[in-house]
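Quick note: numbers below take in every heavy atom, side chains included, and nothing from hydrogens, waters or symmetry partners.
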Amino acid sequence: EEERARFLAPILSKTDLLIDIHATNKPGPCFARIAGNITNEHYRILNSFNSVTHILLDPKYTLGAGQVVATDEFVGMHGGIGICIETGQASDLSRLK
């Protein structure tokens, strides 16, 4: 992973927008997690995701114990917009239209 991170870092540091999409293996709501500073642009983009019912703000990078550890965090730290979307349980297809 470290080699892959070194390869991707120059690309991600110039990225304007990164949406990191995940699903869980347990039931849960569709939510967005935003690490670091949140801007009006984050909210504008989130308005495009009708299924997102909750927004988890993580200004202190709690996931990595205060360190940037995810691609969306890295993009945000370098001036882009990074958003992680957790879509809920992977086997739950009820949100698909």
Side-chain angles (χ1 to χ4, degrees):
E1 281 195 16
E2 189 173 327
E3 183 178 333
R4 187 178 309 147
R6 271 188 258 130
F7 174 79
L8 290 173
I11 298 165
L12 294 174
S13 67
K14 297 176 187 171
T15 299
D16 295 324
L17 173 64
L18 182 125
I19 307 291
D20 191 3
I21 300 173
H22 295 262
T24 63
N25 60 0
K26 298 199 185 319
C30 181
F31 69 93
R33 182 184 147 280
I34 300 171
N37 296 326
I38 188 168
T39 67
N40 288 335
E41 189 69 6
H42 285 90
Y43 288 115
R44 187 186 70 73
I45 293 165
L46 284 173
N47 282 333
S48 301
F49 292 89
N50 297 332
S51 295
V52 172
T53 58
H54 299 78
I55 300 173
L56 174 63
L57 302 179
D58 185 11
K60 296 182 179 181
Y61 303 100
T62 306
L63 183 67
Q67 301 294 313
V68 172
V69 296
T71 53
D72 54 293
E73 297 171 353
F74 187 85
V75 167
M77 186 179 79
H78 285 88
I81 301 290
I83 299 173
C84 178
I85 304 284
E86 294 285 349
T87 62
Q89 188 170 18
S91 62
D92 178 4
L93 304 179
S94 66
R95 293 183 184 102
L96 298 178
K97 293 181 182 182

Side chains of residues 26-34: which donor-acceptor pairs under 3.5 Å do they make with residues two or more places apart or in other chains?
residue: Arg33; atom: NH1; partner: Asp72; partner atom: OD2; Å: 3.4
residue: Arg33; atom: NH2; partner: Asp58; partner atom: OD2; Å: 3.3
residue: Arg33; atom: NH2; partner: Glu73; partner atom: OE2; Å: 2.2

Can you give me every donor-acceptor pair (side chain of residues 8-19, partner residue at least two apart or in another chain, under 3.5 Å) with its distance?
residue: Ser13; atom: OG; partner: Ala9; partner atom: O; Å: 3.2
residue: Ser13; atom: OG; partner: Pro10; partner atom: O; Å: 3.0
residue: Thr15; atom: OG1; partner: Ile11; partner atom: O; Å: 2.9

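The shortest non-hydrogen separation linking Val75 to Gly82 is CG1-N, 4.3 Å.
Looking only at atom types and distance, the side chain of Asn40 has no donor-acceptor partner in the side chain of His42 under 3.5 Å away.
Criterion: ILVMFWY side-chain heavy atoms under 4.5 Å apart, direct or through other members. Under it, Ile83 and Val68 are not part of a common hydrophobic cluster. Both Val52 and Tyr43 sit in one connected hydrophobic cluster of ILVMFWY residues. Membership requires side-chain heavy atoms under 4.5 Å apart, directly or through other members. Cluster annotation: Leu56 is not connected to Ile85 through the hydrophobic network of ILVMFWY side chains, with a link wherever side-chain heavy atoms come within less than 4.5 Å.
Atom CG of Asn47 sits in a crowded spot, with more than 12 heavy atoms from other residues, nucleotides or ligands closer than 6.0 Å.
Between Glu3 and Arg6 there is no salt bridge, since none of the side-chain N atoms of the basic residue sits less than 4.0 Å from a carboxylate O of the acidic one.
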Between Thr24 and Glu86, is a side-chain contact (heavy atoms from CB on, under 4.5 Å) present by the stated rule, with each step listed? CA-CA 7 Å; Thr24 63; Glu86 294 285 349; 3.7 Å; yes
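The list of ring pair (Phe, Tyr, Trp, His ring centres under 6.0 Å) pairs with a residue in residues 61-84, not counting sequence neighbours, reads Phe74-His78.
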